[in-house]
Amino acid sequence: MEHPDLITHKNGRQRKLADSTVPREDMGGKDRGESSASEPEVEGDAVGLIRGSDSEGKRNRVQSGIHRELGNVSLLLFLYVLQGIPLGLAGSIPLILQSKSVSYKDQAFFSFVFWPFSLKLLWAPLVDALYFSRFGRRKSWLVPTQYLLGLFMLYLSMSVDSLLQSEGGPKVATLTGVFFMLAFLAATQDIAVDGWALTMLSRQNVGYASTCNSVGQTAGYFLGNVLFLALESADFCNRYLRVVPKDTGIVTLSDFLLFWGTVFLVSTTLVAIIKKENEQGKGKRRVHEETHGVTETYKQLFSIIKMPTVFTFCSLLLTAKIGFSAADAVTGLKLVEAGVPKEQLALLAVPMVPLQILLPLVISKYTAGPRPLDVFYKAFPFRLLIGLGYALLVWWTPSVKQEGGFPVYYYAIVLLSYALHQVALYSMYVACMAFHAKVSDPLIGGTYMTLLNTVTNLGGNWPSTVALWLVDPLTSKECQGAVGQSCGSVEESGLCVKEGGVCVTTMDGYYVESVVCVVIGLAWWLWLGKKMRQLQERSPAAWRCRIHQ
């Protein structure tokens, strides 16, 4: 799944849809929920016994309900909030780097930070299969990964200022390495928490796991991104939160990292000591957790990929989002470059939350039939047009800027553009998830769905990285005010300035990319888009894994 917006490029944040009418898949491909939701079939006298026990179970559920498991629900929610913190911070760094005028090649390099959630399928079988049984299947991974997250945050709290404010500019390579590890550890923690959620809650309450995931990750990302950018901004704090203006925000990045690093270490210690993973509550029917060996899981993945229909579908998924890459990855950074405060852009995400909750509910009514990809196909050109609208918005922005900032009507137009983008994005996403659920072989549904979701995410990540990388090479600049100088490189730009000139952009690579991406997107829609729709006509047998035939 994807949640790109105007303030970040692909952040990799993976969230489950919190409604039963939509396939219960997260965008990153959580593979435990589907396989363990199925129950063994029973026949004969066993049916009567189960029916009898169900009547007692209903009475127990009326008496107990969710309130007996509020502790477990609260713990799950807290763990998902922790997971969202490093993702939100990673999403805020590109905006901070942009305010320090780093190159778009550096932004492209940093965008690799958002890849781990799209690639976690590669090591998820290891997390599921290798553990210390005495300590707990999920705690064996949860505890060390959260300790490492906390330690990395503490390290960053002591070094992030020097990494961002060094003499030669921000040390992007080091920042990328550290935040990549944060995202990798958060993705690994996500695998462990998803698996633990299925056994931590009783069968009648296991559905709350999806709600905890969606709400927790959203809240964590909000804290690490929107709230941090607001409190870090001196302008925002002076305007809304202070009586006496100051030159800095209420919190700094190092303070924020120090606080959450400490929270990670303390909370992980408490979970390791107090929470017993294998405890069984009285009268609780636990969800059976399916276990596959590492080798078996990888064999399943390989057998799925070899299927002609799946291979074709994955190829289409990997190329479908090229047309949106410039709009999704570069627009927010260009707005910051044009002078829009990064904290104001971050705050525009707040009114989008209700829309993001309601859209899947509405769109799922149109994707529940036998041809969900029709919605994907119809929304495709509208999203391309919105990408052109983003380019016009960036072009218009400098002319609207005033001494005191930007007028209210400007932010209203940005918000409207973002809302239209979300409608098109969610239409394509929900349709894609519905098709995944429709074609997945039920015998290995978890692995099948995980693979398709992973490919979908990867199909959004690599075009965004390439789009960022190409902005600078496609940009043309000339040196004005200094004869014989040019601005083709950083060194040449420095010489131009030394000679009393100034580098002026004659052609912004973002606009070139925007047009090229739309052309590529239209070509994909006209030729390959029809081929994707035709996949809906293939028989269910064409999608069934051969190892089960």
Side-chain angles (χ1 to χ4, degrees), residues 1-17 26-30 76-97 107 110-120 123-124 142 145-146 148-153 156-157 160 175-194 212-232 253 256-257 259-261 263-264 267-268 328-329 332 342 345-346 349-350 352-353 356 453-454 457-458 460-461 464-465:
M1 155 189 160
E2 57 181 338
H3 277 274
D5 55 30
L6 289 177
I7 61 171
T8 63
H9 29 276
K10 303 291 182 190
N11 53 48
R13 180 168 54 102
Q14 319 302 323
R15 296 189 299 176
K16 289 179 183 172
L17 296 176
D26 67 341
M27 303 152 24
K30 298 175 177 69
L76 280 177
L77 184 64
F78 178 69
L79 292 176
Y80 281 120
V81 169
L82 290 183
Q83 184 185 120
I85 297 296
L87 300 180
L89 283 171
S92 66
I93 295 299
L95 300 180
I96 296 176
L97 292 176
Q107 291 281 13
F110 188 83
S111 71
F112 284 107
V113 166
F114 307 114
W115 284 49
F117 265 86
S118 297
L119 299 174
K120 63 182 180 179
W123 66 91
L142 177 73
T145 53
Q146 290 200 168
L148 288 173
L149 278 164
L151 292 174
F152 267 103
M153 286 186 173
L156 267 177
S157 69
V160 71
L175 285 168
T176 302
V178 176
F179 275 95
F180 183 90
M181 284 304 302
L182 284 176
F184 173 81
L185 291 168
T188 305
Q189 188 253 28
D190 182 48
I191 299 168
V193 175
D194 285 345
C212 291
N213 177 286
S214 179
V215 175
Q217 282 190 357
T218 302
Y221 191 88
F222 179 88
L223 291 172
N225 187 277
V226 179
L227 183 63
F228 162 69
L229 288 173
L231 296 180
E232 186 263 351
L253 181 55
F256 198 81
L257 286 165
F259 172 79
W260 284 107
V263 171
F264 265 91
S267 61
T268 303
D328 291 350
K342 59 184 182 297
L345 283 179
V350 177
M352 288 295 103
V353 173
Q356 291 171 344
N453 293 343
T454 298
N457 293 330
L458 190 58
N461 279 340
S464 294
T465 298

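As the structure is a prediction and not an experimental result, all values here were calculated from the model.
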Is any side-chain heavy atom of F184 closer than 4.5 Å to a side-chain heavy atom of V113? no

Atom pair OG1 (T268) and CG (L142), whose distance is rounded to the nearest 0.5 Å: 6.5 Å

Scanning both residues in full, the closest heavy-atom pair of N225 with G91 reads ND2-C, 3.3 Å

When rounded to the nearest 0.5 angstrom, what is the spacing between CG in N461 and CG in D328? 11.0 Å

Side chains of D190 and Y80, heavy atoms from C-beta outward: is any pair under 4.5 Å? yes

Evaluate the side-chain proximity of T188 to K120: yes if any heavy-atom separation is below 4.5 Å, no if none is. no

Within the structure provided, determine whether L156 and F152 are in side-chain contact (heavy-atom separation under 4.5 Å). no

Is any side-chain heavy atom of M153 less than 4.5 Å from a side-chain heavy atom of L182? yes

Enter the distance from I85:CD1 to F228:CZ here, rounded to the nearest 0.5 Å. 11.5 Å

When rounded to the nearest 0.5 angstrom, what is the spacing between CG in L223 and CG in L87? 12.5 Å

Nearest heavy atoms of F264 and P86, plus distance in Å: CZ-CD, 4.3 Å

Evaluate side-chain hydrogen bond (donor to acceptor under 3.5 Å, both in side chains) for S111 paired with T465, printing each intermediate quantity in order. CA-CA 6 Å; S111 71; T465 298; 2.8 Å; yes

The reported gap from CG in D194 to CD1 in I191 (rounded to nearest 0.5 angstrom) is 8.0 Å

Mind checking whether F256 and E232 have side chains closer than 4.5 Å, heavy atoms only? no

Which heavy atom of W123 sits nearest to which heavy atom of A187, and what is that distance? CZ2-CB, 4.0 Å

So which atom in A219 and which in V81 form the shortest heavy-atom distance, rounded to 0.1 Å? CB-CG2, 4.2 Å

Minimum heavy-atom separation for L82 and S267, please, with both atom names. CD1-OG, 3.7 Å

Check: W115 ring centre within less than 6.0 Å of F180 ring centre: no

Test item: L175 and L97 side chains (from C-beta on) under 4.5 Å apart, heavy atoms: yes

For G332 against L345, the heavy-atom pair lying closest together: O-CD1, 3.9 Å

Rounded to the nearest 0.5 Å, the CD1 atom of I96 sits from the CD1 atom of I93 at a distance of 4.5 Å

Check for a donor-acceptor pair, side chain of Q189 on one end and backbone N or O of L79 on the other, with a separation under 3.5 Å. yes

Any non-hydrogen side-chain atom of W260 less than 4.5 Å from a side-chain atom of L89? no

